[in-house]
Amino acid sequence: MEPHEILQRQDQYVLPTYSPELLLVKGSGCNVWDSAGKKYLDFSTGISVCSLGHCHPVVTEAIQRQAAKLVHVSNLFVNENQPQLAATIAKKSFGGRVFFANSGAEANEGMIKFARKWGSDKGRHDIICMTNSFHGRTLTALAATGQSNYREGFGPDATGFKHVEFNDLDAVSAAVTETTAAVLMEPIQGEGGIVPASPEFVSGVRELCDRNGILLLFDEVQCGMGRTGRYFAYQHFGVEPDAMALAKALGNGFPLGAFEVQRKWEGVLTTSTHASTFGGTPLACAAGLAVFQAIDDEDLLINCQEMGEHLRGALIGLVGKYGKLKEVRGHGLMLGVEATAPVAPVLKEAADSGLLVLSAGKNVLRLLPPLTIRPEHIDEAIKILDSALEAWDRASVESVPA
Ligand SMILES: *Cc1c(COP(=O)(O)O)cnc(C)c1O
């Protein structure tokens, strides 16, 4: 079908909840191509999903092999891959037990259900969440999300969620009551503008939770799976959560989510208390296993740390050059540049010049390149970004009334 016909069908038949313009037809490594054959350097990675780059051969081969062997049997049966993937996640993190889902929102929903179930015989059901957080678009994940604009028109909100200022330990402390079950946070806020938790905040909240006998839940849907240079972002902070949610990069594009709970809480979600028809199929888990294998075999955590430093340095250079850029934030290859104005024109200009980058909120440029990236890709991206910023800077000077 001709590209213009496809775009026409998008307009006529797909609900307009998104407003995409670019039709992408293939990807390989750090690049994607549109329907006109134009090549882009992809620093958006499907929103931190294709962290190994597009169509990574190890993942593609694993999906192809498993698709020809067994796709789905439901969780009424054991499949060969799910226990292996659970063991791998546990080994790379805190040795807990894992439930498999299909998305970030579903993983968070399950983790919240875990916390409620844990608190059900203690009268504890409330979850303390952070301002500017993002936990997904299902109704309960939305109620946990600390940005009210996402909830507009979808009320009444699910109850049992309180929001306190992110990185404000006193605010969390003041919000804890005898009905509090858990504190939920992203170690590094993604959609909220690439805002890392401060080390004092994370260790302070951990202590606070221990002192009050409540749970600490981490949403690692965006910052997990090597994105920050460690397997999980919490590993930068020297504390462990009681549970964490994963999704996005877990399947490198094959839909897969999960939450893991500490082994001491393995008895909370007992038989029949939670389920997902599609969760943890042999096919999805084959993709997940291939992701871990590729990260280890190709030393991608090290590459992420090194390339993260390279990219951060180059971005700091741009902040020094353009007055409208304020600061660089983030860890590893989860980096944001805060600006004093909306960055949408920069995204558009960069895309026109062959670089896909994201925003996080209105004023933050968000860079999430593949963990496989090499210095020459970063240099090319910075060159394009530099020109895009220059055009942006020039345009805004021109638009200032004389
Ligand atoms: C993307 C994201 C989610 C939601 O994931 P979906 O797969 O879109 O449901 C939840 N939490 C965080 C931190 C995210 O970045």
Side-chain angles (χ1 to χ4, degrees), residues 30 40-45 47-48 51 131-134 147 165-167 186-201 222-223 227-230 233 236-237 303-371 373-400:
C30 302
Y40 300 83
L41 188 53
D42 187 7
F43 274 40
S44 69
T45 50
I47 319 180
S48 197
S51 277
T131 51
N132 273 322
S133 59
F134 182 81
Q147 305 183 58
E165 192 67 25
F166 187 44
N167 276 332
E186 297 155 83
I188 302 178
Q189 291 188 336
E191 305 302 309
I194 312 292
V195 185
S198 71
E200 312 79 66
F201 183 66
Q222 189 162 154
C223 60
R227 178 51 57 192
T228 67
R230 307 244 176 134
H236 292 278
F237 295 99
N303 193 61
C304 177
Q305 291 160 20
E306 291 174 358
M307 294 304 108
E309 281 316 301
H310 185 57
L311 179 57
R312 174 192 295 276
L315 292 171
I316 289 171
L318 293 178
V319 170
K321 190 169 169 188
Y322 297 103
K324 281 159 84 181
L325 299 182
K326 287 200 323 207
E327 63 165 349
V328 179
R329 292 192 296 257
H331 286 276
L333 288 170
M334 182 176 184
L335 294 172
V337 185
E338 174 145 16
T340 57
V343 296
V346 182
L347 266 54
K348 171 85 174 66
E349 183 73 28
D352 286 348
S353 305
L355 171 70
L356 303 181
V357 287
L358 299 165
S359 58
K362 275 197 162 43
N363 289 9
V364 179
L365 275 174
R366 174 167 45 159
L367 296 104
L368 302 166
L371 309 183
I373 199 136
R374 302 304 308 151
E376 57 271 23
H377 301 123
I378 293 177
D379 297 344
E380 187 189 339
I382 290 295
K383 219 165 89 189
I384 295 174
L385 204 51
D386 194 2
S387 320
L389 288 165
E390 204 179 302
W392 185 51
D393 215 37
R394 203 171 341 108
S396 64
V397 168
E398 282 159 9
S399 69
V400 173

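Just so you know, these numbers use all the heavy atoms, side chains as well, and skip hydrogens, waters and symmetry mates.
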With a 4.5 Å heavy-atom cut-off, do [X] and [Y] have their side chains touching?
X	Y	value
Y40	L356	yes
K326	N363	no
K324	W392	yes
E186	V195	no

What verdict does the side chain to side chain contact (heavy atoms under 4.5 Å, CB included) test give for E327 and V319, after you've listed the backbone C-alpha separation in whole Å, the side-chain angles of each residue and the deciding distance to 0.1 Å? CA-CA 6 Å; E327 63 165 349; V319 170; 5.7 Å; no
Hey, could you give me the [atom1]/[atom2] distance between [X] and [Y], rounded to the nearest 0.5 Å?
X	Y	atom1	atom2	answer
L311	I316	CG	CD1	10.0 Å
I47	Q222	CD1	CD	7.5 Å
L333	E309	CG	CD	9.5 Å
L41	E376	CG	CD	10.5 Å
I188	F237	CD1	CZ	5.5 Å
L325	L315	CG	CG	9.0 Å

Using the six-membered ring wherever Trp is involved, compare the ring planes of H236 and H331 and label them parallel, tilted or perpendicular (cut-offs 30° and 60°). parallel
Evaluate the salt bridge (Lys or Arg N to Asp or Glu O under 4.0 Å) criterion for residues K348 and D352: first the C-alpha distance (whole Å), next the side-chain angles of each, then the deciding distance (0.1 Å), finally the verdict. CA-CA 6 Å; K348 171 85 174 66; D352 286 348; 3.1 Å; yes
Check the pair R227 / S51 against side chain to side chain contact (heavy atoms under 4.5 Å, CB included), numbers first and verdict last. CA-CA 7 Å; R227 178 51 57 192; S51 277; 3.0 Å; yes
Given 3.5 Å as the limit, does a donor-acceptor pair link the side chain of [X] with the main chain of [Y], or not?
X	Y	value
S353	I384	no
N167	S198	yes
Q189	P196	no

So which atom in [X] and which in [Y] form the shortest heavy-atom distance, rounded to 0.1 Å?
X	Y	value
G330	I194	CA-CG2, 3.8 Å
V364	V343	O-CG2, 3.8 Å
C304	L371	SG-CD2, 3.9 Å
R374	M307	C-SD, 3.8 Å
P369	I373	CB-CD1, 3.5 Å
A350	A388	N-CB, 3.9 Å

Show your reasoning for whether side chain to side chain contact (heavy atoms under 4.5 Å, CB included) applies to F43 and R366. CA-CA 9 Å; F43 274 40; R366 174 167 45 159; over 6 Å; no
Side chain to side chain contact (heavy atoms under 4.5 Å, CB included) between L385 and V346, worked out: CA-CA 8 Å; L385 204 51; V346 182; 4.1 Å; yes
